[in-house]
Enquirer: 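Below you'll find the structure I mean.
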There are 2 protein chains.
Amino acid sequence: MSTSPGTKGRPRADAQRNRDHILDIADRYFSEHGVSGSLDAIAKQAGVGAGTLYRHFPNREVLLAALLSARDNELESRRDAIRAESTNAASALELWLGALSDWASAFDGLPEPLRAATATGSSPLGITCQGYITTTDEFLHAAQREGSARREVRGKDLFLAALATSWVRGAAMADDFSAAALSSLSRNGWSTCAGAEASGSNGRTA
Amino acid sequence: MSTSPGTKGRPRADAQRNRDHILDIADRYFSEHGVSGSLDAIAKQAGVGAGTLYRHFPNREVLLAALLSARDNELESRRDAIRAESTNAASALELWLGALSDWASAFDGLPEPLRAATATGSSPLGITCQGYITTTDEFLHAAQREGSARREVRGKDLFLAALATSWVRGAAMADDFSAAALSSLSRNGWSTCAGAEASGSNGRTA
DNA sequence: GACAAAACGGAGAGGCTCTCCGTATGGTTT
DNA sequence: AAACCATACGGAGAGCCTCTCCGTTTTGTC
């Protein structure tokens, strides 16, 4: 799984080389210009034709997914470290959400496609997100069993909250403090030691 | 304030007519296509040349700001209603945040430019946001005085949280429930009846 | 070395944003 | 009402972007 060419055996050597090289350049490029940077510019920087880039990565989302999957190991080892080191499920969950939020900050503007992919689901990015939502659920369930997390919260909601944290931090954000505030908000809410049960749905009023 | 042409007296009649008409069309168009829809298409639908559109609204952000300012009354009267009807500051704050979140959902994709404008500040959109942040601060301070909101939270953070709620609700979001979950998260956090003091900063780990 | 399959590259179609400037129009003045 | 000019109009087109198509080149195999 994961090398683009069709159904059969391994890709041709030049194809593999190009693919890897494009990935390298794209990583650097997105780091500098955000996820909205020009794909053609990436092709040019990589010294390949536009056709080559688009054959390997039919659209921006697929390219992003490939880029992120190259970083999978990092996040997964962080997950393992958290599991190993944490003494209680609540702080494990908190650390994991922080890790997710950092992950989603890998490139400027990344949270947006991640949210879109989470919503639609079936794309390669969506699969990736789904996996991490599952992990989030695991941490969350543990915390719930421990009694330190609310019952009505779902992993998906916390995942989105982590994305949102990263989104707030995004781009030209003048105030780095706000992201921390939001993640603290996600943990503690703004209400003083809330009435716990808080009913089910609020939010929309009209 | 607010009619685009330069420094002097009122604009020419045709200019005013075009401006209003463009605003009408743009409102409909953004409602159907989201804030990323094509500006040229709006000009065409409005039956004016691209130049005319861009003279009145030099860029997308300015157009959005004009569109939103046409809706100012709505949000402001909602604010007044909340002030009048609420019996306690906590629920007033909650209602206000809901109103903000609805406001930011006027068009698909609106939260993004709002966030960007909040960050950079000086644009017309930024001014608008700043005003609502101030209002948020008022509601928040009242709640803090009442003892029902945490001290360390700032209006700006709650404003961004409201935008984030709307952002999560955004576009193709398969799951409308998540937005409600996030706003509840913003109020109550995920931790059971938190240890209140929660220290200052957390979030970033690496 | 010869031959197909696989991959390449870049021209170009089509769409978007935004500018520029010759033309038309409103408002004012006589 | 005619003339005048500041103001506003429209749309061609420059420049950038995404993505496709297809003639040409490269690889791997026999």
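Here is how names work: the chains are called A, B, and so on, in the same order as the sequence lines, proteins then strands, and each is numbered from 1. Not measured: the values here are computed from a predicted model.
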Enquirer: Atom CG of B:Leu63 and atom C1' of C:dC16: how far apart are they, to the nearest Å?
Expert: 15 Å
Enquirer: Check every atom of C:dT19, C:dC8, D:dT27 against the side chain of A:Arg17 and return the nucleotide holding the closest atom.
Expert: D:dT27
Enquirer: Are any of A:Asn18's side-chain N or O atoms less than 4.0 Å away from OP1 or OP2 of C:dC8?
Expert: yes
Enquirer: Where the side chain of B:Ala15 is concerned, which of D:dC9, D:dC19, C:dC18 is the nearest nucleotide?
Expert: D:dC9
Enquirer: Using atom CD1 of A:Ile22 as one end and atom C1' of C:dC8 as the other, report the distance to the nearest whole Å.
Expert: 11 Å
Enquirer: Expressed as a whole number of angstroms, how long is the span from A:Phe57:CZ to C:dC8:P?
Expert: 11 Å
Enquirer: Run the salt-bridge test on A:Arg154 and A:Asp157 with the 4.0 Å N-O cut-off and return the result as yes or no.
Expert: yes
Enquirer: Looking only at the side chain of B:Arg60 (C-beta and beyond, no hydrogens), which of the listed nucleotides D:dT27, C:dT17, D:dC19 gets closest?
Expert: C:dT17
Enquirer: Check every atom of C:dG26, C:dC8, D:dT20 against the side chain of B:Ala13 and return the nucleotide holding the closest atom.
Expert: C:dG26
Enquirer: Think A:Arg83 forms a cation-pi with A:Phe139, using NZ or CZ under 6.0 Å from the six-ring centre and within 45 degrees of its axis?
Expert: yes
Enquirer: Respond yes when some side-chain nitrogen or oxygen of B:Ser38 is under 4.0 Å from OP1 or OP2 of C:dG15, and no when none is.
Expert: no
Enquirer: Report the nucleotide, chosen from D:dT18, D:dC9, C:dG27, that has the shortest atom-to-atom distance to any side-chain atom of A:Asp40.
Expert: D:dT18
Enquirer: Report yes or no: do A:Ser166 and A:Ser101 form a side-chain donor-acceptor pair below 3.5 Å?
Expert: no
Enquirer: Taking the nucleotide of DNA chain C with the nearest heavy atom to each, does B:Tyr54 or B:Gly51 sit closer to the 5' end?
Expert: B:Tyr54
Enquirer: Using only heavy-atom distances, decide whether a donor-acceptor pair under 3.5 angstrom links the side-chain of A:Arg12 to the base of C:dA6.
Expert: yes
Enquirer: How many whole angstroms separate atom CD of A:Gln16 from atom P of D:dG28?
Expert: 12 Å
Enquirer: Closest-nucleotide mapping onto DNA chain D: is A:Ala50 or B:Thr52 further toward the 5' terminus? I mean the 5' end.
Expert: B:Thr52
Enquirer: To the nearest 0.5 Å, tell me how far B:Leu158 CG sits from B:Leu163 CG.
Expert: 11.0 Å
Enquirer: Can you measure A:Leu53 atom CG to C:dG10 atom P for me and round it to whole angstrom units?
Expert: 14 Å
Enquirer: Should B:Asp137 and B:Lys156 count as an ion pair when the cut-off is N to O under 4.0 Å?
Expert: no
Enquirer: Please tell me whether A:Thr135 and A:Trp96 have a donor and an acceptor in their side chains that are separated by less than 3.5 angstrom.
Expert: no
Enquirer: What is the distance from OH of B:Tyr29 to P of C:dC16, rounded to the nearest Å?
Expert: 7 Å
Enquirer: I want to verify a distance call: between C:dG26, C:dC8, D:dT18, whose nearest atom is closest to the A:Asp14 side chain?
Expert: C:dC8
Enquirer: C:dC18, OP1 or OP2 - any side-chain N/O from B:Asn59 closer than 4.0 Å?
Expert: no
Enquirer: For C:dC8, does OP1 or OP2 lie under 4.0 Å from any side-chain N or O of A:His56?
Expert: yes
Enquirer: Would you kindly give the CZ-to-C1' distance between A:Arg10 and C:dA6, to the nearest whole Å?
Expert: 16 Å
Enquirer: Expressed as a whole number of angstroms, how long is the span from A:His33:NE2 to D:dC16:C1'?
Expert: 14 Å
